[in-house]
Amino acid sequence: MIAKALEWVGGVDGFLELVDQRLLPGEFSTLQCRDAAQLYEAIRTLAVRGAPAIGVCAAYGLVLGMRNLKSGDGIEQALQTLSESREYLASSRPTAVNLFWALDRVRGKAEEFVGEKADAGIAALCEFILAEAHAICREDVEMCLRIGLNGERFVKQGSCILTHCNAGALATAGQGTALSPMFEAHKKERKFKVYADETRPLLQGARLTAWELQQAGIDATVICDNMAGWLMKQGKIDAVITGADRIAANGDTANKIGTYSLSILAREHNIPFYIAAPSSTFDMSIKSGAEIPIEQRPGDEVRSFAGMQTAPDGVDVYNPAFDVTDARDITAIITERGVIENPNIGNVAEHLRASPA
Ligand code: MRU
């Protein structure tokens, strides 16, 4: 069984239902977002997380944002409210570009819709926004599947794959990015093993990836983050596959903190290092990873562990949520369109220009 992280329930007056990922794996429960503020909190506190999932949710968040309209408001006010909701939701987390991509796509198309249909009322505009959010959601499901089909050949019979954080179904609307090639290889009855980095401080690898792999019946072993190098040294890792939060025009890739260290370890041990991500994760407006904003999270995430204090009160903490892996250390980026080998400024642009496979 592959989990479903999010679902819009009902019509334009409906709500967004999310698996509360803060509680997994101990408790599987869902939460319902009925206004933009609830969704903002869900994103900020990582009840829903993972770049594509955040993007899809934010698109639905613009439907929720329209609930701030008052009776008697006109279409100009509706567009103003849409813009305000865009700004508000965009401020929930800074690194995953899918958030901004989805918000800007919905707002841009909604503005075009109003421009073309001068007599469009607010009800029609809200229906249009919901339809566009549904389209983004459907496309994400399709992109995840295609990433799996394009990447399953890297999950070889008898191999051991290392992954970091969670880039599975919980991080998308579909079957994930980094885990999608594994799900496809599993469907083909290939035997392989996955090592899931625990992923301190919030344990997305141990809590979410291990849970998803177990649900799917894939052989999974959790390791602490500091064990990866030793496994590589012993020849226990054949490939690394992770997701991405933002990929710059030259292929530099932001992903969960710890990914950069893995790329250096993989290079040192001559192990292929793959990134799996949809085209919505590319940010062609920035030349390199140096321009990617890195989210800084609260120090208490590091000062404590599972509710227990693990560092002295008041001690300084540095807690960046992401790091950037240099394109030169990425063997290939797997997208829904195909595979970019040795990514660089030229072949990334060419790949995104070409029509989807
Ligand atoms: O802080 P998170 O849990 O949102 O970080 C998620 C990651 O880093 C994922 O690897 C990335 O978003 C890709 S998800 C398909």
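For ligands, and for the atoms within them, numbers begin at 1 and follow the listed sequence. Along the sequence shown, the residues carry numbers beginning at 1. Note that the structure is predicted; figures quoted are calculated from it, not measured.
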Output block, N or O contacts of ligand 1, threshold 3.5 Å exclusive:
unit_1   : atom_1 : unit_2 : atom_2 : d
ligand 1 : 1 (O)  : Arg93  : NH1    : 3.4
ligand 1 : 1 (O)  : Arg93  : NH2    : 2.8
ligand 1 : 1 (O)  : Lys256 : NZ     : 2.7
ligand 1 : 3 (O)  : Arg49  : NE     : 2.8
ligand 1 : 3 (O)  : Arg49  : NH2    : 3.3
ligand 1 : 3 (O)  : Gln204 : NE2    : 2.9
ligand 1 : 4 (O)  : Gly50  : N      : 3.0
ligand 1 : 4 (O)  : Arg93  : NH1    : 2.8
ligand 1 : 8 (O)  : Asp245 : OD1    : 2.8
ligand 1 : 8 (O)  : Asn255 : OD1    : 3.2
ligand 1 : 8 (O)  : Lys256 : N      : 3.2
ligand 1 : 10 (O) : Asn255 : OD1    : 2.6
ligand 1 : 12 (O) : Ala51  : N      : 2.9
ligand 1 : 12 (O) : Asp245 : OD1    : 3.2
ligand 1 : 12 (O) : Asp245 : OD2    : 2.9

Within the 6.0 Å centroid threshold, strictly below: His351 and Phe282: no
Pair Thr281-Asn98, side-chain hydrogen bond (donor to acceptor under 3.5 Å, both in side chains): steps then yes or no: CA-CA 6 Å; Thr281 302; Asn98 309 58; 3.0 Å; yes
Interatomic spacing from SG in Cys224 to CD in Glu198 - rounded to 0.5 Å: 4.0 Å
Side chains of Thr95 and Glu295, donor plus acceptor under 3.5 Å: no
Over-ring placement of Lys156 relative to Phe192, 6.0 Å and 45° cut-offs: no
Residues, nucleotides or ligands: over 12 heavy atoms within 6.0 Å of Lys117 NZ: no
